[in-house]
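Just so it is clear: chains get the letters A, B, ... in the order the sequence lines come, proteins before strands, and each one is counted from 1. Just so you know, these numbers use all the heavy atoms, side chains as well, and skip hydrogens, waters and symmetry mates.
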Protein chains: 2
Amino acid sequence: MTSLATGANSAAQVGRADQAAGTADTDGSMQERVEFRTEPARYRHWRLTIDAPVATLTMAVDEHGGLADDYELKLNSYDLGVDIELYDAVQRLRFEHPEVHAVVLTSGSDKVFCAGANIRMLATAEHGRKVNFCKFTNETRNGIEDASANSGQTYIAAVNGTASGGGYELALACEHIMLIDDRSSAVSLPEVPLLGVLPGTGGLTRLTDKRHVRRDLADYFSTRPEGVAGKKAVSWRLVDEAVPRAQWTTMVAERAHELAAHSDRPAAAAGIRLTALSKTRTDAEIGYTWVSATLDRTAGVAAITVRGPDADPPADMTGVREQGAESWTLALTRELDDLILDLRTNEPALGTWLLRTAGDAGRVLGHDQLLLDNADDWLAREIALYLKRTLKRLDVTSRSLIALIEPGSCFAGSLLELTLAAERSYQLDGVFEDEDPDAEPAAVVLAAMNMGPLPMGNGLTRLRTRFLGDESSLASLTGRIGEPLEAAEAADLGLVTFAPDDIDWADEIRLATEERASFSPDALTGLEANIRFAGPETMETKIFGRLTAWQNWIFNRPNAAGPAGALRRFGTGQRADFDRKRV
Amino acid sequence: MTSLATGANSAAQVGRADQAAGTADTDGSMQERVEFRTEPARYRHWRLTIDAPVATLTMAVDEHGGLADDYELKLNSYDLGVDIELYDAVQRLRFEHPEVHAVVLTSGSDKVFCAGANIRMLATAEHGRKVNFCKFTNETRNGIEDASANSGQTYIAAVNGTASGGGYELALACEHIMLIDDRSSAVSLPEVPLLGVLPGTGGLTRLTDKRHVRRDLADYFSTRPEGVAGKKAVSWRLVDEAVPRAQWTTMVAERAHELAAHSDRPAAAAGIRLTALSKTRTDAEIGYTWVSATLDRTAGVAAITVRGPDADPPADMTGVREQGAESWTLALTRELDDLILDLRTNEPALGTWLLRTAGDAGRVLGHDQLLLDNADDWLAREIALYLKRTLKRLDVTSRSLIALIEPGSCFAGSLLELTLAAERSYQLDGVFEDEDPDAEPAAVVLAAMNMGPLPMGNGLTRLRTRFLGDESSLASLTGRIGEPLEAAEAADLGLVTFAPDDIDWADEIRLATEERASFSPDALTGLEANIRFAGPETMETKIFGRLTAWQNWIFNRPNAAGPAGALRRFGTGQRADFDRKRV
């Protein structure tokens with residue numbers, strides 16, 4: 001088994017000091033933990049320069065800075081560590097730099113923009129690692145599109161050399177693609193002809209659905225390893241413009257300023273510094289300020305608790321700005337984001353996540369309301385968008401999610417989304433007689449945050465997806481906004497799945513988690529991927545629902561990953577040996 | 001390798017007398033050919049009774065009538081042979097029985113409605129066979145829905161015993177589901193908990209998107225092997241009504257007549273008899289009246305030619321009725337349908353299909369127009385719907401499709417759809433100087449048939465899918481309806497991909513097919529599945545695009561198909577041994 005995390009100095013391993021050395025795998029091997037926290041001072045692969053209103057994000061991958069030491073990141077190819085830095089930069093640009101209205105994504109080399117995911121890494125990585133890597137890179141690219149679409153921070157790909165595979169897909173995630181016209185630089189998707197796999201970060205879907213490349217041209221392009229350059233790339237819609245080298249710098253700057261001019265971000269506001277997360281991590285527990293998890297390896301369960309705010313919200317956004325990264329919604333979201341990534345990557349055998357909350361529902365709603373009341377404030381908007389993206393990350397996580405709604409919980413508004421994201425929810429009917437007979441019974445509260453600001457990848461709210469085609473149930477619910485709903489009523493309204501009482505509670509939860517742990521993890525992944533996204537599809541759901549599944553299948557087939565497969569034979573000088581049968 | 005076609009008397013082997021014994025597989029083994037032609041007199045598994053306006057289709061699977069002899073079709077479980085008969089019955093009901101306005105689908109046993117696909121068959125079948133089987137069963141179920149939605153022939157599932165897995169999925173394909181309420185009959189999807197695979201014929205998608213079952217209930221239901229019965233099944237929307245045994249027969253008849261009453265099919269018209277197709281089949285050639293194919297095993301290519309009509313259409317639908325199954329569009333569609341199924345199932349190593357036509361474009365358009373002018377005639381409607389379904393079958397076929405447009409071809413209207421379904425098209429610019437210097441140069445003709453009546457699974461025409469988001473190109477094309485477009489112009493308009501001349505033609509086609517044959521067949525399958533369906537998604541595209549891919553992946557994983565996997569261990573008394581890591 002390949003460890004992706006044995007490199008010594010990688011940015012992605014910041015914070016390892018406070019960690020146990022690794023996690024015992026089911027096959028007994030040890031796998032180093034991947035850490036997602038980093039900051040610009042530690043970047044090895046990217047340079048971030050800011051000349052407001054334009055920022056430039058320059059990819060200059062350190063060949064020797066891979067997460068594992070059995071490959072070299074040549075030609076600006078990337079692995080998870082490179083993408084962790086990119087994710088960090090995209091996040092910081094949004095929060096720390098309101099004055100940045102356009103971001104130019106370019107390469108530090110003048111021959112190669114980016115060669116995509118490192119082939120040797122892909123060829124040797126264990127299947128689950130490969131799939132998880134693709135998922136994270138997809139989320140980062142969707143985040144880039146979200147910045148262009150919703151944050152007033154528009155991304156421009158300044159493709160100043162050849163962009164192949166994942167390199168071109170990175171450009172495709174940008175709003176505007178400029179290709180240098182120098183007789184050698186081209187864009188290409190050589191995965192099918194050279195590697196026997198698919199472009200793994202949405203390239204095919206973005207060709208047809210975003211850029212409206214004609215399907216026969218998309219097919220031809222995707223089977224042509226040398227790609228397409230210059231004017232032809234423009235006329236096929238693969239890029240937006242081809243610019244001669246002599247005008248390159250001027251034109252890139254010009255476009256960036258043009259696009260920046262459309263931004264509604266403030267010109268002079270101060271940003272919020274994303275200070276280091278305080279995190280403790282052992283083999284049994286992960287702790288932050290507002291979020292914690294206990295890891296039960298025997299049961300295959302991670303029990304996650306999210307704590308509500310310990311104070312009312314500030315009176316206005318000035319107060320939030322003063323609290324900065326400590327303000328409750330932002331802090332909670334950052335912690336939840338990090339926890340999801342940590343568990344997803346480092347704890348694949350914990351197949352069920354139990355989701356609990358603890359705290360005051362009214363305060364949750366208060367913090368929500370402050371953001372909603374200030375939807376035209378750039379920071380309020382950023383916080384809500386980040387929460388939206390983090391909940392989407394939960395939606396595409398291949399773990400069974402079970403929400404437990406108990407006395408003392410605060411599943412209201414934004415936190416109610418956790419129950420709506422779950423496969424099922426259990427709400428205690430009454431109280432735990434032995435623990436606290438005088439407690440208030442658990443209640444859930446529907447609020448404005450559930451009605452629009454936090455859509456799923458399919459473009460619908462979780463509530464609407466839940467009641468797809470059932471307008472009457474939805475209507476009865478919208479009449480109950482703001483009301484604490486106890487178990488029997490919430491179950492009646494279809495808001496929670498089950499409402500057992502004190503006598504049955506422990507048994508029902510135990511049975512549900514034991515049963516889940518007894519099923520095939522692969523079948524559960526497929527089941528959840530199919531049921532979670534009812535209704536309409538978008539590029540996002542196509543990328544996660546369709547592309548991911550095809551890629552998973554192809555990754556598992558001998559034609560790609562077998563000893564004579566294309567992925568394994570790439571670069572050896574030997575041709576792949578295919579079973580020619582179509583399936 | 002498992003042969004699916006070794007049973008001696010199976011209906012699916014009708015017509016074998018005129019066939020070679022089998023096809024050499026790439027691994028040297030021989031695989032018996034599966035034959036899709038059958039007729040009611042030969043059914044072993046279904047009884048079709050007609051009491052107009054209601055037909056009853058009774059499943060009574062012959063345990064010993066499987067396509068292979070290494071499993072028994074107990075409990076009304078099915079294999080490809082059973083489904084071939086179902087497909088035949090659905091088709092004949094549409095064409096031979098205009099007087100049938102509702103179809104009751106029920107079981108000949110009073111304990112078991114249908115236990116779904118035979119597990120032992122699934123556990124032992126080679127991967128490609130399994131995937132192909134699922135695809136065909138999905139197409140048949142989509143065809144049932146098409147009959148209810150568009151043909152005035154509404155399907156009612158009279159679930160008179162337990163319906164599990166594929167059995168319940170068959171019911172889900174019906175417009176109305178009645179479940180007998182007898183304390184033992186339930187509906188269930190036990191694939192995930194018992195077999196470690198997904199429901200393979202659209203069950204999950206139909207739960208959420210068609211029947212609007214709440215996602216948490218859908219999750220719970222899909223992990224509960226014993227299923228759900230009676231009133232709970234109704235309140236969860238799993239079935240439409242639960243009917244006590246005492247009222248069963250009366251209620252089923254009542255509902256069938258109610259639904260039949262909404263039909264717009266004629267009460268007294270005579271049907272069109274679907275006479276036996278004339279087909280010749282060798283290892284090198286497949287021939288019908290209007291369609292033929294030559295099979296080049298060295299190149300991995302099937303070269304398909306469709307011939308246009310040899311006469312003008314009859315003056316009206318009375319003439320078509322007199323021609324019956326010999327009328328051009330119907331005959332051609334039946335032949336093409338059979339050819340697609342034959343090649344798809346029996347010739348997996350022929351990865352590229354070349355599509356040619358030969359004949360008079362004007363006559364093609366004439367036959368098209370007769371159908372369009374009589375859209376309110378039941379038979380004209382049936383023929384157009386069948387052509388629509390057959391072209392959709394082509395869309396979901398995992399083969400690279402290349403259309404070759406040469407002098408003497410008739411790619412017009414309905415036949416132009418073949419080029420629009422293809423990955424790419426080549427139209428000869430000029431003529432073949434050595435062959436026929438005086439020929440008319442090849443032309444394509446856009447017509448009304450391309451503008452709506454033959455949508456893809458995504459609900460859009462192939463033309464609109466091709467020009468997704470490019471309204472101006474689409475507008476320039478609609479101005480050219482009815483005009484023969486020669487190569488340069490057709491390429492200019494984006495209607496064909498390439499327009500090589502006589503000098504380059506042979507080389508370009510050879511290069512394209514050789515190149516295609518050199519790529520990973522799996523990667524091509526994934527590429528084509530992603531690029532063919534741009535734009536919106538429907539239940540159909542979700543089933544073929546998303547579910548299929550997940551199922552393929554799961555079928556390939558040791559947790560299902562390995563020696564200790566759930567699919568292989570089912571029924572042995574041993575529990576499956578899972579790798580617990582989530583991917």
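Both the backbone and the side chain of A:Ser400 come within less than 4.5 Å of a heavy atom in chain B. For A:Arg237, the part sitting under 4.5 Å from any heavy atom of chain B is the side chain, from C-beta outward, and nothing else. Of the two parts of A:Ala529, the backbone and the side chain both hold a non-hydrogen atom closer than 4.5 Å to a non-hydrogen atom of chain B. Heavy-atom distances place the side chain of B:Thr205, and not its backbone, under 4.5 Å from chain A. Of the atoms belonging to A:Ser398, heavy atoms from both backbone and side chain fall under 4.5 Å from chain B. B:Thr465 does not touch chain A: none of its heavy atoms, backbone or side chain, sits under 4.5 Å away. In this structure, chain B has heavy atoms under 4.5 Å from both the backbone and the side chain of A:Phe533. Of the two parts of B:Glu515, only the side chain, counted from C-beta on, holds a non-hydrogen atom closer than 4.5 Å to a non-hydrogen atom of chain A. For A:Ile543, no part lies under 4.5 angstrom from a heavy atom of chain B. Contacts between B:Asn552 and chain A at a heavy-atom distance below 4.5 Å involve backbone atoms as well as side-chain atoms. With a threshold of 4.5 angstrom between heavy atoms, B:Leu420 approaches chain A through N, CA, C or O but not through any side-chain atom. Contact annotation for A:Ala422: only backbone heavy atoms (N, CA, C, O) come within less than 4.5 Å of a heavy atom of chain B. For B:Tyr220, the parts lying near chain A are the backbone and the side chain together; criterion is any non-hydrogen pair under 4.5 Å.
The nearest pair of heavy atoms linking A:His127 to B:Arg557 is CD2-NH1, 3.2 Å. For B:Ser518 against A:Arg575, the heavy-atom pair with the smallest separation is CB-NH2, 3.6 Å. The shortest heavy-atom contact between B:Thr208 and A:Ala534 is CB-CB, 3.7 Å.
Highest contact tally toward chain A, considering only B:Ala517, B:Pro199, B:Gly565, B:Ala512, is held by B:Ala517 [criterion: heavy-atom pairs under 4.5 Å]. Counting heavy-atom pairs under 4.5 Å between each of A:Leu468, A:Leu189, A:Leu217, A:Val131 and chain B puts A:Leu468 at the top. Among B:Ala566, B:Ala523, B:Ser222, B:Ala560, the residue making the largest number of heavy-atom pairs under 4.5 Å with chain A is B:Ala523. When A:Lys135, A:Arg532, A:Arg211, A:Met539 are compared by the number of non-hydrogen pairs under 4.5 Å with chain B, A:Arg532 comes out ahead. Per-residue heavy-atom pair counts under 4.5 Å with chain B were compared for A:Gly494, A:Gly128, A:Ala576, and the maximum is reached by A:Gly494. By number of non-hydrogen pairs under 4.5 angstrom with chain B, the leading residue of A:Asn530, A:Leu207, A:Leu204 is A:Asn530. Most heavy-atom pairs under 4.5 Å with chain B: of the set A:Glu528, A:Glu537, A:Arg344, this distinction falls to A:Glu537. Across B:Phe555, B:Phe498, B:Phe467, the residue that shares the most heavy-atom pairs under 4.5 angstrom with chain A is B:Phe498.
Between the side chain of A:Arg582 and the main chain of B:Thr352, no donor-acceptor pair closer than 3.5 Å is present. Side-chain N or O atoms of B:Lys542 include one that pairs as donor or acceptor with a backbone N or O of A:Gly535 at under 3.5 Å. Between the A:Lys581 side chain and the B:Pro521 main chain, no donor and acceptor come within less than 3.5 Å of each other.
In this structure, the side chains of A:Trp550 and B:Leu527 stay at 4.5 Å or more apart for every pair of heavy atoms. Under the 4.5 Å side-chain criterion, counting only non-hydrogen atoms from C-beta, A:Asp219 is not in contact with B:Thr497.
Ion pairing between a basic and an acidic side chain is recognised when a charged N comes within 4.0 Å of a carboxylate O; B:Asp216 and A:Arg466 show such pairing. Taking 4.0 Å as the cut-off between side-chain N and carboxylate O, B:Arg215 and A:Glu423 count as a salt-bridged pair.
For the residue pair A:Asn559 / B:Asp522, a side-chain donor-acceptor distance below 3.5 Å is found, with atom types taken as modelled.
Listed in order of number, the residues of residues 191-198 of chain B that approach chain A to under 4.5 Å between heavy atoms are B:Val192, B:Pro193, B:Gly196, B:Val197, B:Leu198.
Counting non-hydrogen atoms of neighbouring residues, nucleotides and ligands closer than 6.0 angstrom, the CZ atom of A:Arg214 exceeds 12 such neighbours. Atom CZ of B:Arg464 has 12 or fewer neighbouring heavy atoms from other residues, nucleotides or ligands inside a 6.0 Å radius.
Here the CG atom belonging to B:Asp577 is positioned 11.5 Å from the OG atom belonging to A:Ser520, to the nearest 0.5 angstrom.
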